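Following: one structure in structure tokens, then a few remarks.
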Amino acid sequence: MTNPFGVRPVINASATLTALGGSLMPPSVLKAMTEGAAHFVDLRELHDHVGERLAALTRNEAACVTAGAAAGITLTVASCAGEPAQAFPADAEVVMFTSQRNGYDYAARLTGARIVEVGPSIEELRAALVRRPACVLWFAGAHYAADALPIEDVIRVARELAPPPAGPPAVPVIVDAAAQIPPLSSLWRFTTELGADAVIFSGGKGLRGPQSSGLVLGKRWIVDRCRAHASPNQQIGRGMKVGKEELLGLYAAVEWTLEQDEEALLASYEQIVDRWVAGLREVPGVVAERGYPSEAGQPHGRAVVRLLATSGWTRDGLVRALWDGDPRIAVGVSGVPDDAIALNPQTIEPGEDLVVLEALVRHLSSGDGDSSHRA
């Protein structure tokens, strides 16, 4: 890594986190972005062609590239609230389950819409939808499933309301599935199979495209509005700029991802988890086991490493020791007990799993470890 700034590279055993750069792009994506950077183009025309090809690849009516998944939320909510030429209604509402409120709420509220919370009740959801909110925003993933209705029920209740004679449904349903690849079927399951109006993905996570890209898939009416609300137009999405490099890079990433053997990929993840668990089995003061599903509910395991009192380590101390080491290693703490770390195979490059294991064994087995990191 050419690095004139002294910023150390990271072995990422945590997750496809934005703060760590998302994921690593395969050569075909880098090549597409480099080729795009070498030419001027009609950006709207490129958007059109990339969108058409992405829709075909993902079995959807329409598609558009956004400046990340959060921008996709803003643009889809704006599209549900009204046409780009109109002012957003002052009383626009977005229905969300209370348990799914999260740090990405701001992306919906950026339009001026108000979040209306509901509990996991058909009756409560139905009462909220009768008010004709702009949309329902539902978050996918096992970590969001508790105390929320399944998406199938949400879509069914939303479709009970009679739509206007022409135009979009009475209450559109938007799915945020930013990190829900794998499985690849997420690209069409929520929309083509279940009937949601749009689904949103991060381009820089499981798709392994540009970190600053996102993808909206779904009905043509909502995708067309997203495009109209977005840059290069002078609308709410003007600052959410997508360059020609991201357009071509994300298309190449989706194409590359769909060519992969997903079953073999998931099996390779499980092999890494097995090696971690086996390698830590005899380390004193530690209990290592396979956890499932992964950090954001993806269908593969991860290693969950619990630190017993006899280990002499706190969770935070071990996380700091791994981060401060050489090489620098990031591990996960999301969705595990306070005395545990998680090791995610999704972002591990070949051979790095052994480096992570060696560092853990060294820290946990050494009687003279760095006391500044100790409990």
Side-chain angles (χ1 to χ4, degrees), residues 18 21-23 25-88 107-108 110-111 168 174 176 178 181 187 191 197-205 207-258:
T18 296
S23 59
M25 294 182 288
S28 59
V29 176
L30 295 173
K31 181 174 182 290
M33 295 184 73
T34 299
E35 291 175 352
H39 303 280
F40 292 107
V41 297
D42 182 321
L43 198 61
R44 290 183 174 88
E45 183 180 16
L46 184 60
H47 260 293
D48 288 342
H49 287 293
V50 168
E52 289 170 5
R53 295 290 294 277
L54 285 171
L57 284 175
T58 62
R59 312 179 196 178
N60 282 274
E61 281 186 20
C64 71
V65 179
T66 63
I73 294 175
T74 301
L75 294 173
T76 52
V77 170
S79 299
C80 294
E83 297 279 3
Q86 303 169 346
F88 294 123
L110 197 61
T111 64
I174 309 303
D176 180 290
I181 294 176
L187 290 168
T191 48
D197 295 276
V199 61
I200 302 162
F201 297 96
S202 170
K205 296 187 186 298
L207 289 173
R208 293 187 61 176
Q211 169 62 8
S212 57
S213 67
L215 181 61
V216 174
L217 303 170
K219 303 297 184 185
R220 184 165 298 280
W221 72 266
I222 197 167
V223 171
D224 286 348
R225 287 190 184 184
C226 284
R227 284 284 310 282
H229 277 295
S231 177
N233 302 312
Q234 302 290 333
Q235 300 292 337
I236 191 172
R238 182 64 178 86
M240 305 169 190
K241 188 178 292 185
V242 177
K244 56 189 186 301
E245 298 81 10
E246 286 78 27
L247 282 164
L248 294 172
L250 185 55
Y251 173 75
V254 172
E255 193 172 48
W256 179 88
T257 299
L258 290 170

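For clarity, every value in this text was computed on a predicted model and none was experimentally measured.
Between Gly218 and Thr191, the shortest heavy-atom distance links the atoms CA-CG2, 4.0 Å. Contact detail for Leu43 and Gly243: the closest heavy-atom pair is CD1-C, 4.4 Å. Residues Ala70 and Ala107 share a closest heavy-atom pair of O-CB, 3.4 Å. The minimum heavy-atom distance between Thr66 and Ala71, with the atom names listed, is CB-CB, 4.4 Å. Of all the heavy atoms in Ala69 and Ala178, the pair that sits closest is CB-CB, 3.8 Å. Of all heavy-atom pairs spanning Cys80 and Ile222, the tightest one is SG-CD1, 3.7 Å.
Taking Asn233 as the reference, Arg44, Gln235 meet the side-chain contact (heavy atoms from CB on, under 4.5 Å) condition, with sequence neighbours excluded. Residues forming a side-chain contact (heavy atoms from CB on, under 4.5 Å) with Thr58 (at least two apart in sequence, or on another chain): Asn60, Leu187, Leu217, Val254. Taking Thr18 as the reference, Gln211 meet the side-chain hydrogen bond (donor to acceptor under 3.5 Å, both in side chains) condition, with sequence neighbours excluded. Annotation: side-chain hydrogen bond (donor to acceptor under 3.5 Å, both in side chains) contacts of Glu52 (sequence neighbours excluded): none. With sequence neighbours excluded, the residues forming a salt bridge (Lys or Arg N to Asp or Glu O under 4.0 Å) with Asp197 are Arg159, listed by chain and number. Residues satisfying the side-chain hydrogen bond (donor to acceptor under 3.5 Å, both in side chains) criterion with Arg220, sequence neighbours excluded, are absent altogether. Residues satisfying the side-chain contact (heavy atoms from CB on, under 4.5 Å) criterion with Ala108, sequence neighbours excluded, are Ile73, Val77, Ile115, Leu137. Listed by chain and residue number, nothing satisfies the salt bridge (Lys or Arg N to Asp or Glu O under 4.0 Å) test with Arg208 (two or more places apart in sequence, or in another chain). The side-chain contact (heavy atoms from CB on, under 4.5 Å) test applied to Gln234 returns Arg238, not counting sequence neighbours. Scored by the side-chain hydrogen bond (donor to acceptor under 3.5 Å, both in side chains) test, Lys241 finds no partners at all (sequence neighbours excluded).
Counting only residues at least two apart or on different chains, no side chain to side chain donor-acceptor pair (under 3.5 Å) pair has a member in residues 69-79.
Taking SG of Cys226 as the reference point, atom CD1 of Ile200 lies at 7.5 Å (rounded to 0.5 Å). Atoms OH and CG, from Tyr251 and Leu54 in turn, are 7.0 Å apart once rounded to the nearest 0.5 Å. Between atom CG of residue Leu207 and atom OG of residue Ser202 there is a gap of 7.5 Å, rounded to the nearest 0.5 Å. If you take CG on Asp48 and CZ on Arg53, they are separated by 14.0 Å, rounding to the nearest 0.5 Å. Here the straight-line distance linking atom CG of Leu215 with atom SG of Cys64 works out to 7.5 Å at 0.5 Å rounding. For the atom pair NE2 of His47 and NE2 of His49, the computed distance is 12.5 Å after rounding to the nearest 0.5 Å.
The shortest side-chain heavy-atom distance between Val223 and Glu61 does not fall under the 4.5 Å cut-off. Looking only at side-chain heavy atoms (C-beta outward), Val65 and Val216 stay at 4.5 Å or farther from each other.
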Show me the donor-acceptor pairs, under 3.5 Å and distance only, between side chains in residues 26-37 and residues at least two apart or in other chains.
unit_1	atom_1	unit_2	atom_2	d
Lys31	NZ	Glu35	OE2	2.6
Thr34	OG1	Leu30	O	2.9

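Remark: side-chain polar atoms of Ser231 are not paired, donor with acceptor, to backbone N or O of Met240 under 3.5 angstrom. Remark: side-chain polar atoms of Ser23 are paired, donor with acceptor, to backbone N or O of Lys205 under 3.5 angstrom.
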